Structure formats: C-alpha cells, structure tokens
Protein chains: 2
Amino acid sequence: MKLSVRGEYALRALQVLAQHAGDAVVPMQTIATEQNIPRRFLEQILHGLKAAGVVESRRGITGGYRLARPASEIPLATIIRHVDGALAPLSCVSHQFYEKCSCPDEARCALRSVMKEVRDTVAAMMERMTLADLVERAESLRARPMEPVDFVI
Amino acid sequence: MKLSVRGEYALRALQVLAQHAGDAVVPMQTIATEQNIPRRFLEQILHGLKAAGVVESRRGITGGYRLARPASEIPLATIIRHVDGALAPLSCVSHQFYEKCSCPDEARCALRSVMKEVRDTVAAMMERMTLADLVERAESLRARPMEPVDFVI
DNA sequence: TAAAACTACACCAAGTCAATAGAGATTTGA
DNA sequence: TCAAATCTCTATTGACTTGGTGTAGTTTTA
C-alpha cells in the first residue's frame with residue numbers, strides 16, 4: 001500500500017515548482033538541493049513528468065522546469081498515477097490500470113467489492129487534493145506554532 | 001499503493017476459513033483449490049499467519065487450518081499488516097511501521113500531513129472491516145441477481 | 001566560447017516477489 | 001505397525017523492480 005520513493009520525490013519536486021509559480025523556470029539543482037533528492041534521479045523523474053505533460057522545461061543556462069498548468073489544476077492523483085501507477089489496492093478495481101484478476105466472477109467477489117470501496121475513497125481524496133492545496137497546507141503549517149508536545153523535555 | 005499477490009491470497013484464504021467456521025479445520029489443499037492459489041505458496045502464507053497468531057493448525061491426515069479467533073474479531077487491517085506491512089502510503093505516517101523520513105521537519109511537512117489523512121482513512125476502513133464482514137458480503141453478492149449491464153449482448 | 005542547464009539512453013547492484021524444492025514431523029486408519 | 005495425507009521448516013530460484021549512476025550529447029546565454 002506504499003508510495004515509492006520515486007513517487008514521493010515527484011510530489012516533493014512538484015510542490016517546489018508550485019511554490020515558485022511566479023518564476024519563469026526553476027533549475028533542477030534548486031529542487032534537488034531544497035528537497036535533498038539525488039540530482040540524476042530527479043532528472044529521470046522530471047523527464048517522465050514532462051513526457052506526461054505535467055511540467056514544461058527550458059534548456060540552457062537559464063533553463064529549468066515549471067508546471068505546465070496552474071497548480072490548482074494538478075491533482076495529486078494525476079502525479080501518482082504517472083509515476084507509480086494505480087491508486088487501487090487490487091488492479092481489478094482500478095479504473096485507469098484495470099487488469100482482470102484470477103477470481104471466477106468479479107461481480108460477486110467479496111474482496112473485490114471491499115477493495116473497490118477503498119480505491120474509491122483514496123482516489124477521491126487524491127483527486128480532490130491539488131498541488132495548490134499542498135502549497136497552502138505548507139504555508140499554514142509554517143505559520144502554526146510548535147505543537148505543545150514539542151516543548152516537553 | 002498496491003496490495004501484493006501474497007496479501008490478496010492471505011485474505012482469500014482467510015475468507016475461506018471464515019466461511020468454514022463450523023468445521024474443526026480446513027485442509028490447505030481445499031483452500032488452494034477453492035481459491036486457485038499455488039499450494040506451496042499458500043503453505044508459506046498460512047505458516048506466517050500462524051506465527052502471527054491469526055490461525056491455528058492441526059497436523060496429520062486430519063490436519064488443516066482454522067481461525068484462531070472468531071472471524072468478527074479479525075480486521076482486514078491485521079492481516080494486511082502481517083503479510084504486506086504498513087497501510088500508510090509513506091512510512092513516516094505509519095503507526096505500526098513508522099520510519100523517519102528525509103524531510104527536515106516532519107511536523108511541518110505538507111506532503112506528510114496530506115498522506116497522514118489518507119493513512120487514517122484507509123486504516124479506519126480496514127480496521128472496521130472484519131473477516132465476518134467479508135463472508136457476509138460474499139453471501140449478499142451471491143444472492144443478488146446479475147447486474148442489468150450483464151444482460152447486454 | 002565556456003558554463004550551466006536539460007536530453008537521451010544504457011547500465012548496474014541490491015532487493016523483492018512469487019513460486020518451487022526437499023527433507024522432515026504428525027496424525028490416523030487399515 | 002505402516003502407509004498415506006497432512007502440516008513444518010529452511011533454502012533457493014528466476015524474473016522483475018527499485019533506486020541510483022555513467023556517458024555522451026544538445027541547447028542556451030553571459
């Protein structure tokens with residue numbers, strides 16, 4: 001049920017791009033440093049996201065990456081699907097990555113029925129949440145004072 | 001975000017045991033045949049579930065497996081955690097399999113905050129749903145007539 | 001024209017996954 | 001007692017995935 005490191009890096013990198021929404025482009029090195037992601041690995045990931053149409057790039061010394069659309073129009077679901085594939089716990093309940101499973105009658109498979117609910121719930125959450133929400137949340141977390149528990153010795 | 005085949009087999013196998021709740025034990029071969037699971041692979045899985053205290057076994061020619069507790073007291077979460085590990089998309093939001101992640105300040109990590117909500121939602125669903133519910137659902141699906149869409153040529 | 005950035009593709013080590021193998025230990029019925 | 005059917009335990013295997021490097025470019029601008 002886990003996100004891969006690749007998926008996590010992708011989300012973190014895109015959060016950075018969303019935060020620098022004003023700038024023309026953000027150089028890859030900036031993202032790598034800010035999020036502590038191996039530069040060459042990040043390269044691969046961003047390259048993939050460009051092929052997927054999520055980001056745009058500019059080459060040369062003033063080059064870098066930026067979001068291809070406003071952050072508010074890029075749901076986390078889109079990113080995860082491009083990098084890690086299905087959101088569903090079983091591929092037989094996935095919409096975008098459906099694969100027939102081994103049970104004789106999908107329509108009457110209890111496990112499938114349960115996992116479909118899980119998929120629908122997770123997918124709804126991930127579709128609703130966009131990169132803009134991620135930035136907004138980062139800001140409100142930054143503003144918020146330390147949790148009381150953190151003051152305990 | 002996927003369940004492994006191992007996890008799927010475990011859930012299917014335990015559903016069978018829950019369905020045969022009256023019987024003393026169910027031989028492994030019966031489960032393997034009923035759910036089309038490779039016998040030797042199932043062996044490993046059930047062995048693990050026994051070590052985890054989920055099932056009990058009996059050896060010899062009249063041997064087999066049965067649930068160690070009533071089906072209504074075995075949530076799907078327990079099984080998945082034993083077989084596949086964390087339910088959380090990031091290990092830094094896992095309760096049972098927590099691992100520190102690379103970000104500098106967990107308390108203010110936006111991604112972590114979002115993924116924590118996903119984890120809590122999924123965990124709640126999986127905790128609430130037990131093997132007894134799975135059996136019940138299987139019965140209601142068996143009773144239900146074909147979906148209208150299935151009649152379309 | 002050199003530096004800094006992106007592009008493209010190949011490669012690799014380590015680990016995981018799904019499954020199989022083999023040699024037992026138990027239990028019961030004949 | 002013995003044979004058959006079952007669980008027990010540990011190893012191993014082959015394919016694939018994951019996370020990450022390497023090398024050799026191309027593009028752009030100071």
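Not measured: the values here are computed from a predicted model. Letters go in sequence order (proteins before strands), and every chain restarts at 1.
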### Message
Does dC9(D) have its OP1 or OP2 closer than 4.0 Å to a side-chain nitrogen or oxygen of His47(B)?
### Response
yes
### Nearest-Å distance for atom pair CG/C1', residues Asn36(A) and dG19(D)
14 Å
### Salt bridge present between Asp120(A) and Lys116(A) (N-O < 4.0 angstrom)
yes
### Message
Assigning hydrophobic clusters by single linkage (Ile, Leu, Val, Met, Phe, Trp, Tyr; side-chain heavy-atom cutoff under 4.5 Å), is Leu11(B) placed with Val135(B)?
### Response
no
#### Entry: Value in whole Å for how far the P atom of dA5(D) lies from CZ of Arg58(B)
17 Å
### Gap between atoms CE and C1', on Met28(B) and dA25(C) respectively (whole Å)
14 Å
### Query
Between Glu127(B) and Arg81(B), is there a salt bridge with N-O shorter than 4.0 Å?
yes
### Message
Below the 4.0 Å mark, does dT18(D) have OP1 or OP2 next to a side-chain nitrogen or oxygen of Tyr9(A)?
### Response
no
### Task
Test for a donor-acceptor pair under 3.5 Å between the base of dT18(D) and the side chain of Arg6(A), counting only N and O atoms.
no
### Summary
The residue, Thr62(A) or Gln44(B), whose nearest nucleotide of DNA chain D is more 5′ is Gln44(B)
### Query
Under 4.0 Å between a side-chain N/O of Arg59(B) and OP1 or OP2 of dA5(D), yes or no?
no
### Query
Nearest-Å distance, CD1 (Ile45(B)) to P (dT8(D))?
14 Å
### Task
Using atom CD of Glu56(B) as one end and atom C1' of dC7(D) as the other, report the distance to the nearest whole Å.
14 Å
### Query
Which part of the nucleic acid does Lys50(A) contact within heavy-atom distance under 4.0 Å: base, sugar-phosphate only, or nothing?
sugar-phosphate
### Query
From the list dC6(C), dT27(C), dT6(D), which nucleotide is the closest neighbour of the side chain of Pro27(B)?
dT6(D)
### Query
Starting at NZ of Lys2(B) and ending at C1' of dT18(D), how long is that distance when rounded to a whole Å?
15 Å
#### Entry: Heavy-atom check, side chain of Leu141(A) versus side chain of Ser113(B), under 4.5 Å
yes
### Query
Do Glu43(A) and dT21(D) have a side chain to base donor-acceptor pair shorter than 3.5 Å?
no
### Query
Between atom CG in Leu49(A) and atom C1' in dT7(C), what is the gap in whole Å?
15 Å
### Query
Counting any heavy atom closer than 4.0 Å, what does Gly60(B) reach on the DNA or RNA strands: base, sugar-phosphate only, or nothing?
base
### Message
Could you tell me how far apart Arg39(B) (CZ) and dA18(C) (C1') are, to the nearest whole angstrom?
### Response
16 Å
### Nearest-nucleotide pick for Phe41(B), side chain only, options being dA18(C), dT27(D), dA10(C)
dA18(C)
### Query
Taking N and O atoms by type only, does the side chain of Arg40(A) place a donor or acceptor under 3.5 Å from a partner on the base of dT23(D)?
yes
### Query
Less than 4.0 Å between a side-chain N and a carboxylate O, is that true for Arg40(A) and Glu43(A)?
yes
### Summary
By nearest-nucleotide position on DNA chain C, the 5'-leaning member of Ile61(A) and Ser57(A) is Ile61(A)
